[in-house]
2 protein chains.
Amino acid sequence: MTEQSDRPYHHGDLRRAVIETALAMLHEEEGWQFTLREVARRAGVSHAAPYKHFPDKAALLAELALIGFDRLRETLLAALPASAASLRETFLPVARAYVAFGEANPALYRLMFGADAGKPSEVHLSERALSTFAILTDFLARGQEAGLIRERPVPGQAAACWAQLHGLTMLVIDGLLLPEKVGDDAVTAALTTLLEGIEA
Amino acid sequence: MTEQSDRPYHHGDLRRAVIETALAMLHEEEGWQFTLREVARRAGVSHAAPYKHFPDKAALLAELALIGFDRLRETLLAALPASAASLRETFLPVARAYVAFGEANPALYRLMFGADAGKPSEVHLSERALSTFAILTDFLARGQEAGLIRERPVPGQAAACWAQLHGLTMLVIDGLLLPEKVGDDAVTAALTTLLEGIEA
DNA sequence: ACCTGAACACCGTTCAAGT
DNA sequence: ACCTGAACACCGTTCAAGT
């Protein structure tokens with residue numbers, strides 16, 4: 001649990017340790033305003049050591065965001081039902097998995113969409129973000145072929161779905177969909193509205 | 001433009017000056033990571049002076065977010081057409097005004113939904129945020145009465161619309177709806193899908 | 001009542017020096 | 001090749017002291 005004075009001078013796998021420590025801190029706080037020095041402290045190294053593995057803090061944040069998008073992709077793919085039944089039976093599990101991912105990892109989810117915060121140079125990151133979009137695109141294209149989903153240009157339809165899922169997740173994380181204002185299950189209601197906009 | 005040495009010891013209306021300087025800095029950058037010391041510098045006062053008007057930086061951010069929600073509300077109300085024609089003619093202008101507000105004020109919009117970042121104590125702020133929700137609720141309720149909008153429980157339907165607009169705005173601000181990936185006008189496509197989910 | 005200047009405890013980042 | 005310790009230029013925040 002705690003590494004004391006007998007810790008070797010060389011950490012061994014500091015890069016991974018920094019990432020895992022940072023991910024752990026993301027789970028403890030609700031925002032991603034942790035400090036690099038604190039990460040180094042908890043990893044048991046000097047505050048300068050992480051700079052041997054990441055050029056700066058932004059690079060670590062970008063790395064964490066990439067991991068987040070990978071995990072989201074895996075979560076969505078795992079939620080896809082094997083058998084294609086009705087649209088509700090195939091789409092709702094995926095949609096709920098998306099929102100649940102954000103609820104379970106609020107700080108990470110925020111970081112994924114806020115780390116660059118206006119730096120359009122993070123090409124890697126937006127490419128990875130678009131893997132989410134690609135999953136939706138595939139899903140909708142297959143649904144249209146099967147006659148379950150209204151025939152519309154797929155990219156725009158996928159953008160609509162992504163926007164709905166992203167907005168819903170953000171509002172949930174922000175605690176803005178209060179039951180007393182918005183009804184008992186705003187998520188279900190919102191997803192139902194989306195369904196009614198895409199079903200054949 | 002610049003106030004030099006003949007500036008009086010007492011600013012006069014420092015509170016307003018701090019807010020306006022901060023708003024100006026929000027427009028210059030894409031994120032809201034400005035420093036309080038820089039605000040004070042540009043307002044021509046010492047870095048400690050703002051603390052006489054705001055208990056801390058979070059309080060200033062909350063104030064800016066409140067202003068943002070007020071401006072968004074005014075923008076939406078101004079975009080509401082006087083004559084109620086078809087649903088497309090009444091809803092699309094409001095929806096486009098919402099997204100356009102985010103595009104025109106990316107840092108402010110981000111701040112509005114990210115300033116508290118997990119502090120659920122900011123009751124004032126979430127109350128103000130819900131004024132956006134209230135506008136949508138009124139709009140949908142009137143639309144249902146007029147037979148333009150599908151009859152569904154209004155709070156859930158409003159949550160769906162808010163989520164779609166919020167998610168769309170965030171994705172646009174983040175530069176994630178690239179034309180080459182998502183089509184020429186992803187915003188129109190997404191709003192059309194939403195329309196098809198709520199029209200009678 | 002409102003503002004300043006010095007001070008405190010922090011950051012992110014760099015770099016010569018250690019192992 | 002990898003890590004440390006001191007150092008630099010910053011922050012946010014506080015507080016006695018000035019006007």
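Letters A, B, ... are given to chains in the order of the sequence lines, protein chains preceding strands, and every chain is numbered from 1.
Here the side chain of B:D185 pairs a donor or acceptor atom with the backbone of B:T188 at under 3.5 angstrom.
With DNA chain C read from its 5' end, the first of the two nearest nucleotides for B:A49 and A:K52 is the one closest to B:A49.
Around the CZ atom of B:R16, the shell of radius 6.0 Å holds no more than 12 heavy atoms that belong to other residues, nucleotides or ligands.
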With B for base contact, S for sugar-phosphate-only contact and - for none (protein heavy atoms under 4.0 Å), nucleotides 8-13 of chain D reads ---SBB
How does DNA chain D look in dot-bracket notation if pairs are Watson-Crick or G-U with both distances under 3.5 Å, crossing ones as [ ], other-strand ones as |?
||.|||||...|||||.||
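Pairs of residues two or more places apart, or lying in two chains, that qualify as salt bridge (charged side-chain N to carboxylate O under 4.0 Å, His left out) and include a residue from residues 191-200 of chain B are A:R150-B:E196, A:R152-B:E196, B:R88-B:E199. A ring pair (Phe, Tyr, Trp, His ring centres under 6.0 Å) check over residues 64-83 of chain B, counting only residues at least two apart or in different chains, returns the pairs B:F69-B:F113. For residues 176-200 of chain A, there are no ring pair (Phe, Tyr, Trp, His ring centres under 6.0 Å) pairs, not counting sequence neighbours.
Atom CD in B:E38 sits 5.0 Å away from atom CZ in B:R41 (nearest 0.5 Å).
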Would you please test B:H166 and B:Y109 for ring-ring contact (aromatic ring centres under 6.0 Å, His included) and show each step?
CA-CA 10 Å; B:H166 181 49; B:Y109 190 83; 5.6 Å; yes
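Partners of B:R96 by salt bridge (charged side-chain N to carboxylate O under 4.0 Å, His left out), not counting sequence neighbours: none found.
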